[in-house]
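Here the structure is laid out as structure tokens; the discussion comes afterwards.
Atom set for the values below is all heavy atoms of this structure, side chains included, hydrogens, waters and symmetry mates excluded. Residue numbering restarts at 1 for every chain, and letters A, B, ... go by the order of the sequence lines.
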2 protein chains.
Amino acid sequence: MLFGKSCRQCVVRDAALCAALTDSQLEPLARCGVQRSLARGETLVRAGDPAPICANIQSGLLKISQISPAGQEMIIGLLWPGDFIGTPFMGDAAPPAQHDIVALTPVSLCQFPQAIMERALADHPMMERQLLRRTFTALGDVRGRISRLARATAQARVAGFLLETAHRQGDDDGETMLIIELPLSRGEIADLLGLTIETVSRQIGKLKHAGVIGLPGGRRIAIHDPDALAEAAEAVI
Amino acid sequence: MLFGKSCRQCVVRDAALCAALTDSQLEPLARCGVQRSLARGETLVRAGDPAPICANIQSGLLKISQISPAGQEMIIGLLWPGDFIGTPFMGDAAPPAQHDIVALTPVSLCQFPQAIMERALADHPMMERQLLRRTFTALGDVRGRISRLARATAQARVAGFLLETAHRQGDDDGETMLIIELPLSRGEIADLLGLTIETVSRQIGKLKHAGVIGLPGGRRIAIHDPDALAEAAEAVI
DNA sequence: CGGAAAGTTGAATGAGCTCAAATGGCGTGG
DNA sequence: CCACGCCATTTGAGCTCATTCAACTTTCCG
């Protein structure tokens, strides 16, 4: 639970929100957190929901997506363990959810009533500080994604996605995994990168034929040559 | 100045950070803010700067940009009056600046030493709350941009950019200007939208020939048919 | 097995890029 | 006041990369 004792075991990349609190501060809050699980495909937040959920992802992967007027799905971004969902603002200050949030894998998270979240942040400035820092980081991440989407070739988009996935599946020391489990289908990768299924498949095929990666089966990807992959990710039209 | 009396006159779209403070709270802080002006083209922040600047934009327009390894400039985003620059984290918690920030027009802003900013936020939770809210808003904005860059046609990118500029140059009631002063060159628009100069020019030409917009001269744009422009902005491949 | 979904591969089309040249605006200097 | 040069913008022609449409193969589960 976010504020409970078990929160300290949360799989979070940066410092957990609750790490700033002492045990005695945690105690009265512990009852309010709700441990929750999502199955693959389950929707956590639907665009337009008046009171967005506040939650901290413990394990699993979710997508933030948007359906265009034409019915085309666009994946705005991914949410990994340690990421925070929702805005801790109440009442008329709370903007309605702008995007759908759907589990791509089985997900466990700890969810909080928004009012409790609001109160806890007001009572514990260190928590608010942590949340602010995390939000700044997210802003930087998203800005980084923009440059990739705006100008990069299909090759660079795919290579960059593989690298980022390897990085986020690695341990906390920044080590990247050399065999990663792709949590997305080709179609979802396409929606994430602004490409088509066929193009994603072709680019992965190219990387495989070049010996940069291997496809050991299933949705696993073996990264044989991280440097070459990084180089491919830099390519710009 | 950000915390001074004159701060209340800041041209800010959302609530100013300091609006949460009483006059007596403002008093001891007022001396620390530095009113600063930038000429067009002047660089406020350079990528890699160890201690990023904290500032609040009062008037003018800046670009957040990144130079790719190939030397190609990519404009990550724009900063309009009311936007906040920098992260209020000190010491080793402060990440180095990731992007360049350059004035596109004459700019006036109020700048603060980072230590003062940090302290003020710690002392005044309402300020931190405002900053958090503003950052969430910025995150939502940037996520919105992603979908445009990932899949939208050149036509939609250009139309969307014109609409957003009209919107941000409008008054606080959400009214959009029908004659806007484009603060960017064709080249800068191209860098912002991930297109080439020629394509931007062609798309603007198309919109003009369709009667949707007019070019009264200079870098002004008259929006004759806002609805048609909005429709063009929706177009997706 | 067998059917459905996911993924791969191929050929043709088209949007946007590149290269190149023409046009227009604007300040400088004669 | 006009000629000139510089820069931004516009316009044109050919090309490239990603998409589209379509067929085929593989994987996943019942």
Side-chain angles (χ1 to χ4, degrees), chain A residues 39-41 68 70-75 104-105 148-162 181-210 213-221 232 235-237, chain B residues 40-41 68 70-74 104-105 148-162 181-210 213-221 232-237:
Chain A
R40 172 176 167 81
S68 77
Q72 175 69 258
E73 177 177 21
M74 178 69 220
I75 299 184
L104 291 173
T105 66
R148 183 168 307 149
L149 287 173
R151 272 235 158 74
T153 62
Q155 174 95 91
R157 296 185 197 203
V158 171
F161 166 72
L162 293 179
E181 178 73 28
L182 269 198
L184 297 89
S185 70
R186 296 289 187 271
E188 285 165 336
I189 298 173
D191 286 334
L192 179 66
L193 301 179
L195 300 169
T196 60
I197 293 179
E198 297 91 329
T199 301
V200 170
S201 181
R202 268 185 258 269
Q203 296 305 330
I204 289 183
K206 263 189 200 172
L207 290 171
K208 180 187 165 196
H209 275 88
I213 63 174
L215 305 177
R219 282 182 183 168
R220 270 190 297 283
I221 295 221
V236 169
I237 298 177
Chain B
R40 171 175 168 82
S68 77
Q72 174 69 255
E73 176 176 22
M74 178 70 220
L104 290 173
T105 65
R148 184 169 308 149
L149 287 173
R151 272 237 157 73
T153 62
Q155 174 96 95
R157 297 185 197 202
V158 171
F161 165 72
L162 292 179
E181 178 73 28
L182 269 198
L184 296 88
S185 70
R186 296 287 186 272
E188 285 164 336
I189 298 173
D191 285 334
L192 179 67
L193 301 179
L195 301 169
T196 59
I197 294 179
E198 297 92 331
T199 302
V200 170
S201 180
R202 269 184 256 268
Q203 296 306 330
I204 289 182
K206 263 189 199 172
L207 289 170
K208 180 187 165 199
H209 275 89
I213 63 173
L215 305 178
R219 282 182 182 165
R220 271 190 297 282
I221 296 224
E234 301 289 344
V236 170
I237 297 178

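For the OP1/OP2 pair of dA15(C) and a distance below 4.0 Å, the side-chain nitrogens and oxygens of Thr153(B) include no atom meeting the criterion. Phosphate proximity of dT19(D) to Thr196(A): present, with a side-chain N or O under 4.0 Å from OP1 or OP2. A sub-4.0 Å separation between OP1 or OP2 of dC17(C) and a side-chain N or O of Thr199(B) is present.
Here the closest non-hydrogen pair linking Thr196(B) and Ala190(B) is C-CB, 3.5 Å. The heavy-atom pair separating Pro216(A) from Gly214(A) by the smallest distance is CD-O, 3.3 Å. Heavy atoms only, all atoms of each residue included: Met74(B) and Gly194(B) are closest at CE-N, 4.3 Å. Heavy-atom minimum distance, Ala159(B) versus Ala232(B): CB-CB, 3.8 Å.
In this structure the side chain of Leu162(A) reaches within 4.5 angstrom of the side chain of Leu182(A), judged on heavy atoms. At a threshold of 4.5 Å between non-hydrogen side-chain atoms, the residues Leu193(A) and Thr199(A) do not count as touching. Using a 4.5 Å cut-off on side-chain heavy atoms (C-beta onward), Phe161(A) and Val200(A) make no contact.
One atom, CD of Gln203(B), and another, C1' of dG16(C), lie 9 Å apart when rounded to the nearest Å. Atom CD1 in Ile213(B) sits about 9 Å away from atom P in dT10(D), given to the nearest Å. Counting to the nearest Å, the P atom of dT9(C) and the NZ atom of Lys206(A) are 12 Å from each other. Straight-line distance from the CZ atom of Arg151(B) to the P atom of dG16(C): 14 Å, rounded to whole Å. Computed from coordinates, the Arg220(B) CZ to dT9(D) P distance equals 14 Å when rounded to whole Å. Atom CG in Leu182(A) sits roughly 13 Å away from atom C1' in dG7(C) (whole-Å rounding). Rounded to whole Å, atom P of dA8(D) lies 15 Å from atom CD1 of Ile204(B). Distance, Ile197(A) CD1 to dA6(C) C1': 8 Å, rounded to whole Å.
Sequence neighbours left out, the pairs with a member in residues 189-210 of chain A that pass salt bridge (charged side-chain N to carboxylate O under 4.0 Å, His left out) are Asp191(A)-Arg151(B).
When the salt bridge (Lys or Arg N to Asp or Glu O under 4.0 Å) test is applied to Arg220(A), the partners found at least two apart in sequence or on another chain are Glu181(A). Here Ser201(A) pairs with nothing under the side chain to side chain donor-acceptor pair (under 3.5 Å) rule; sequence neighbours left out.
Across all strands shown, Leu195(B) has heavy atoms under 4.0 Å from sugar-phosphate atoms exclusively, and none from any base.
Across the helix from dC1(C)-dG30(D) to dG30(C)-dC1(D), the helix axis at one end is tilted relative to the axis at the other end by 30° (nearest 10 degrees, each axis from five pairs).
Between the Arg157(A) side chain and the Leu149(A) main chain, a donor and an acceptor come within less than 3.5 Å of each other. Within the 3.5 Å criterion, the main-chain N or O of Ser185(B) finds a donor-acceptor partner in the side chain of Glu188(B).
Between Val200(B) and Gln155(A), the residue anchored nearer the 5' end of DNA chain D, judged by the nucleotide with its closest heavy atom, is Val200(B).
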Where protein sits on nucleotides 21-30 of chain D, one letter per nucleotide: B base, S sugar-phosphate only, - none, heavy atoms under 4.0 Å: B------S--

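Near DNA chain C, meaning a heavy atom under 4.0 Å from it, residues 184-194 of chain B has Gly194(B) in order of number.
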